[in-house]
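Just so you know, these numbers come straight off a predicted model, no measurement behind them. Values below: every heavy atom of this structure, side chains too, minus hydrogens, waters and symmetry copies.
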Number of protein chains: 2
Amino acid sequence: MHQPTKRVIDILEYIVKKGENVRLTDFSRELEMPKSTLLAILKTLCDYKFLVNENGMYSAGTALFSLGAAFTGNFPTLNFVRKQLDDLVGLLGETCYFGVLEEGNVLYLEKADSLHPLRMLITTGRRLPAYSTGIGKALLIDCSEDELKKIYPDGLLPFTKNTITDFKVLASQLECAKNDGYVWEIEESMEHIRCFAVPVRKNSRVVAAVSVAIPVFRFNEEKRDFIIDSVKNVAQKISETIEQTDAHFGNIF
Amino acid sequence: MHQPTKRVIDILEYIVKKGENVRLTDFSRELEMPKSTLLAILKTLCDYKFLVNENGMYSAGTALFSLGAAFTGNFPTLNFVRKQLDDLVGLLGETCYFGVLEEGNVLYLEKADSLHPLRMLITTGRRLPAYSTGIGKALLIDCSEDELKKIYPDGLLPFTKNTITDFKVLASQLECAKNDGYVWEIEESMEHIRCFAVPVRKNSRVVAAVSVAIPVFRFNEEKRDFIIDSVKNVAQKISETIEQTDAHFGNIF
DNA sequence: AAACTGTGTTCGCATATACGAACGAAACGG
DNA sequence: CCGTTTCGTTCGTATATGCGAACACAGTTT
């Protein structure tokens, strides 16, 4: 591990987590780096707009935006995905997500916000353990029990009282889901939220997934079929589009 | 200037420019760094998903997406802006932009694509000299000739035969535009493209701008008033929204 | 007004990093 | 098929970077 590089990474990830108004001392304390060393790195990052220094307060700079935008720009498919998610929200009224699997985690690539004031709070770019989320289970849908154990060598940690922590239970549930063509989840990653998700395939391999997250009190069984059909429909459209591209997305697709 | 940090920056900016399939030797040649040093840095960047290494070919990694998304997430106003631009494209049919001023350059923060197959190619996150673009002139609209000279100490370089290279001409044109409340531009930054732009203000200070870019052959004078009114209307709505927030956007707003 | 907290410098010393050459492997071309 | 080129990797040494302490300065609190 290259220390100077690691430090730059730590600084950047820390500043985007905090967003703004981070002081030199905060960096030093949280990242355990001497202030004199920090100052040299921070100054250079400011020169190139990765950070902004406003009388002692550091904030995330526009270069971070440019990097992310340039990355996204390589994947025009995402524009199509966003429009599909917008349509899906129009139908269902609840927050919808699109994400890919990255080493056992869901990486959220796109979302469309619920029309309701009370809505989910996951932001694009975040990573969450796949086994506990609806969209994540859709991404793992083809995994056997052995494969799951390999992905999560430290076991399945609970996030709520409903989180599945037993590999056998998870594997058998995925087995069923594979037949049904969709996954559901009730308060396994967050209290009061249930979820439906459908995998997106390219050449029959799961490469991404679409999901909708619904507060339990706004759900009722009558809506069930309509929700599942709507999500399946969007996942199918996205699958067809992705089939035609050769985009890798950081070699995830 | 801190060399290791500068190198990380150079590597990241180079990889997003190239997008994918960059070899160790390419980095070494283009960035003038010894291969042995590069290897240590690249390996660390791969560990943290800033890069991906696929049998010798490096590509941009998902961490870049996460950084950019986290940055954007701090500015919910951008979602509103995107919807406004979408509406504007619905009215005008041509590519629309939203951007801010950063040291004499326009930084494009949002865009909505034209419905026509032939359209502008500027992507979000890019920077272009403000004096030559429509949106950029809207951002400079309150500047005097002296202020312009301070921003561009090396003078105004031409990009097309129409680019304004004389400070006096630019300043007097901005003076007129300030009265009209909008800026126009004909093939000053790109051949075959003309542009209308309107500044977005916060507390009466220009903090951003909205523009529409139209291929010259699709423009005719009858549309003029409608275009200008539409852009002004959107800029006004965005102004009102920004007034209510205290977002800085990398201390640009 | 003095004590405290935090930023940004400076400086000498110890050390981790950078460098370039040399090596091995693979791809290319005649 | 073998020489040639290109690429990635390794390694010992030189050097640039990292470190911690001390200091000046500014703002805030006691």
Side-chain angles (χ1 to χ4, degrees), chain A residues 1-64 246 248 250-251, chain B residues 1-61 63-64 71 74 103 246 248-252:
Chain A
M1 160 122 52
H2 190 255
Q3 197 198 39
T5 301
K6 173 69 163 61
R7 289 183 161 175
V8 171
I9 292 173
D10 286 342
I11 289 170
L12 294 181
E13 299 201 322
Y14 185 71
I15 194 68
V16 298
K17 201 177 73 181
K18 293 294 179 182
E20 50 179 0
N21 296 347
V22 178
R23 293 166 308 175
L24 178 60
T25 312
D26 299 327
F27 280 120
S28 178
R29 179 172 16 83
E30 298 290 326
L31 305 179
E32 294 177 11
M33 293 172 52
K35 289 192 293 181
S36 54
T37 304
L38 264 169
L39 220 55
I41 301 176
L42 295 180
K43 199 171 286 182
T44 305
L45 288 174
C46 285
D47 285 347
Y48 289 88
K49 304 258 182 290
F50 282 71
L51 295 178
V52 181
N53 183 345
E54 228 181 359
N55 48 49
M57 310 293 257
Y58 292 89
S59 302
T62 52
L64 299 172
D246 49 18
H248 270 260
N251 303 309
Chain B
M1 161 120 54
H2 190 255
Q3 197 199 39
T5 301
K6 174 68 162 61
R7 290 184 160 173
V8 170
I9 292 172
D10 286 342
I11 289 169
L12 294 181
E13 300 200 323
Y14 185 71
I15 194 69
V16 298
K17 201 176 71 182
K18 292 294 178 182
E20 52 179 359
N21 295 347
V22 178
R23 293 167 308 176
L24 178 61
T25 311
D26 299 327
F27 280 120
S28 178
R29 180 172 14 86
E30 298 291 326
L31 305 178
E32 294 177 9
M33 293 172 52
K35 291 190 288 183
S36 52
T37 303
L38 266 168
L39 214 58
I41 301 176
L42 295 180
K43 200 170 284 180
T44 305
L45 288 174
C46 285
D47 286 347
Y48 290 88
K49 304 259 180 290
F50 282 72
L51 293 179
V52 181
N53 183 346
E54 228 182 357
N55 50 46
M57 311 293 258
Y58 292 89
S59 303
L64 298 172
F71 180 83
N74 292 326
E103 293 182 4
D246 49 17
H248 269 258
F249 227 119
N251 301 311
I252 294 178

Base, sugar-phosphate or nothing for A:Tyr58? Non-hydrogen atoms, less than 4.0 Å.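 Sugar-phosphate only.
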For B:Lys43, answer base if it contacts any base atom (sugar-phosphate contacts may also be present), sugar-phosphate if it contacts only those atoms, and nothing otherwise; contact means non-hydrogen atoms under 4.0 Å.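 Nothing, no nucleic acid heavy atom in range.
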Roughly, in whole Å, what's the span from [atom1] in [X] to [atom2] in [N]?
X	N	atom1	atom2	answer
B:Met57	C:dA26	CE	P	17 Å
B:Leu39	D:dT10	CG	C1'	10 Å
B:Phe27	D:dC7	CZ	C1'	15 Å
B:Lys35	C:dG24	NZ	P	15 Å
A:Asn55	C:dG6	CG	P	16 Å
B:Ile11	C:dA18	CD1	P	10 Å
A:Leu24	C:dT9	CG	P	10 Å

Can you tell me if the side-chain N/O atoms of A:Asn53 get under 4.0 Å from OP1 or OP2 in C:dG8?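 For A:Asn53, the contact criterion (side-chain N or O under 4.0 Å from OP1 or OP2 of C:dG8) is met.
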Between the side chain of B:Thr44 and the main-chain N/O of A:His2, is any donor-acceptor distance below 3.5 Å? yes
Would you confirm whether A:Ser28, through its side chain, and A:Met33, through its main-chain N or O, come within 3.5 Å as a donor-acceptor pair? yes
Check side chain to side chain contact (heavy atoms under 4.5 Å, CB included) between B:Lys18 and all other residues, then give those that pass, not counting sequence neighbours. B:Tyr14, B:Val22
Side-chain heavy atoms of B:Leu45 within contact of B:Ile15, under 4.5 Å: no
Measure the shortest side-chain to side-chain distance between A:Ile41 and A:Arg7 over non-hydrogen atoms and say whether it is less than 4.5 angstrom. yes
Salt-bridge contact B:Lys6-B:Asp10 (side-chain N to carboxylate O under 4.0 Å): yes
Where along nucleotides 13-27 of chain D does protein come under 4.0 Å, by heavy atom, of base (B) or sugar-phosphate alone (S), with - for untouched nucleotides? ----SSBB-------
